[in-house]
Amino acid sequence: MTDTALYPTFSRADLAFVRGEGVWLETASGERYLDMMGGIAVNALGHCHPRLVAALEGQAEKLWHVSNVFAAPHQEKLARRLVETSFADRVFFTNSGAEALECAIKTARRRQFHEGRPERYRLITFEGAFHGRTLATIAAGGQEKYIEGFGPKVEGFDKVDGFDEDKVRAAIGPETAGILIEPIQGEGGVRPVPRAFLAFLRRVCDEHGLSLIFDEVQCGIGRTGRLWAYELFGVAPDILASAKGIGGGFPLGACLATEEAAAGMTPGTHGSTFGGSLLAMAVGDAVMEVVTEPGFLEAVAAKGLKLKQKLAALVDLHPTLFEEVRGEGLMLGLKCRRPQGEVLAAMRAEKLLGVAGGDNVVRFLPALTVSDAEIDEAMARAEAAARALLQAEKGAAA
Ligand SMILES: *Cc1c(COP(=O)(O)O)cnc(C)c1O
């Protein structure tokens, strides 16, 4: 695609969709694809969920946006839901994950300032992390390919290799303000952090008066079968960044914090023009309402287990193509032995959509509403894709 008016920053597939329903996406010519990537964990309730459509349409007729200089009962309502279902006492609404992370980083730094330790501003981060594409979040993620050519790297992030307690202890200095981690790395290739390591981070943060920040932009909002991924690990953070699934496809992010951690975020210290718009709040509230209904998360866990078992069977059947399956709930990664791009292309030929992750992984991040029959159908297509790959291999060898 050379003839484009867009920044060519994405390597886009030559495939456009015009309609969606549940886990199905449709092209203009009516071809239907089974969507197991869910807009990269964004379409938590699938495409055009009737309750999200109703929430959005209902609000669109009343009021879209008012400035954050006015009282915000619409924000208060969703914030209450988030606070009542989490560790947090305070919420700031954003429009994206990176913005939620920016708020989290500022909150952690400002807490130290507020507590009389302004020299503490650095955050410890981890190899394989992804936190977004703003200047601060590329520095936090620490991936050279995202940082190169954009001028001086934003100061204040100390990357640790591996989930290693000694290295974390060694990285803590007089300027450390907190520790930032994804409980399950998403872009890094669906890599869950060991429970004992997260518990260690909690202890070390308490020992040193640091903020523990969880990036749950990808793994939160029911994705793991628990509302918040941290519940799986039994370790609560001080600050948490949420986005992606919380808006179900509408741009929405949130930074959650305890009262103590957010104490420095006083009037005037942060802001956003669009953050917390009435449209976003209406949709976010509907997402939270559905995800917290009795039985919803249990069903996600059951479907996650089913999909994981089916993917494990695929690995067993094709050990030359696949190495392992990992992840929690409906956040699963299939580690490939062949380049992941070939696997994704073979899947696409079967009209099955997955998404690449680091460490040569194909991610499965379907709508949390995916049915058992749709999981069966997806895996039948994945199996057909695997057979086609092996067939092509034989053809090439002959
Ligand atoms: C996607 C993602 C982000 C960035 O979110 P944007 O909405 O693209 O800014 C940050 N952290 C994690 C873990 C993500 O998966």
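Note that ligands are numbered from 1 as they come in the structure, with each ligand's atoms numbered from 1 the same way. As a basis for the values below, the full set of heavy atoms in this structure was taken, side chains included, without hydrogen atoms, waters or symmetry mates.
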Original post:
Can we say Arg381 and Glu350 salt-bridge, meaning some charged N sits less than 4.0 Å from an Asp/Glu carboxylate O?
Top reply: no

Subject >> Donor + acceptor pair across side chains of Glu323, Asn360 (<3.5 Å) >> reply: no

Original post:
Can you tell which of Cys219, Ser242, Gly132, Ala243 gets a heavy atom nearest to atom 4 (C) of ligand 1?
Top reply: Gly132

Subject >> ligand 1 versus Lys244: contacting region, heavy-atom distance under 4.0 Å >> reply: side chain

Original post:
In terms of hydrophobic clusters joined by side-chain contacts under 4.5 Å, are Leu368 and Val190 together?
Top reply: yes

Original post:
Is the side chain of Arg32 donor-acceptor paired with the backbone N or O of Lys351 at a distance under 3.5 Å, no angle test?
Top reply: no

**OP:** Using atom types as modelled and distance alone, determine if a side-chain donor or acceptor of Lys308 lies under 3.5 Å from a backbone N or O of Gly327.
**Re:** yes

Taking only heavy atoms of [X], which atoms of ligand 1 are found under 4.0 Å from at least one of them?
X      : result
His131 : 10 (C), 11 (N)
Gln218 : 15 (O)
Ser96  : 7 (O), 9 (O)
Ala98  : 4 (C), 5 (O), 6 (P), 9 (O)

Original post:
Taking N or O atoms only and a 3.5 Å limit, does Glu182 qualify as a polar contact for ligand 1?
Top reply: no

Subject >> Closest protein heavy atom (residue, atom, distance) for atom 6 (P) of ligand 1 >> reply: Gly97 N, 3.5 Å

**OP:** Identify the protein heavy atom lying closest to atom 11 (N) of ligand 1, giving its residue, its atom name and the separation to 0.1 Å.
**Re:** Asp215 OD2, 2.7 Å

Original post:
Hey, do the aromatic rings of Phe197 and Phe126 have their centres closer than 6.0 Å?
Top reply: yes

Original post:
Pick one: which of Leu15, Leu34, Val18, Asp35 meets side chain to side chain contact (heavy atoms under 4.5 Å, CB included) with Leu25?
Top reply: Asp35

Original post:
Distance below 4.0 Å between atom 8 (O) of ligand 1 and any protein heavy atom?
Top reply: no

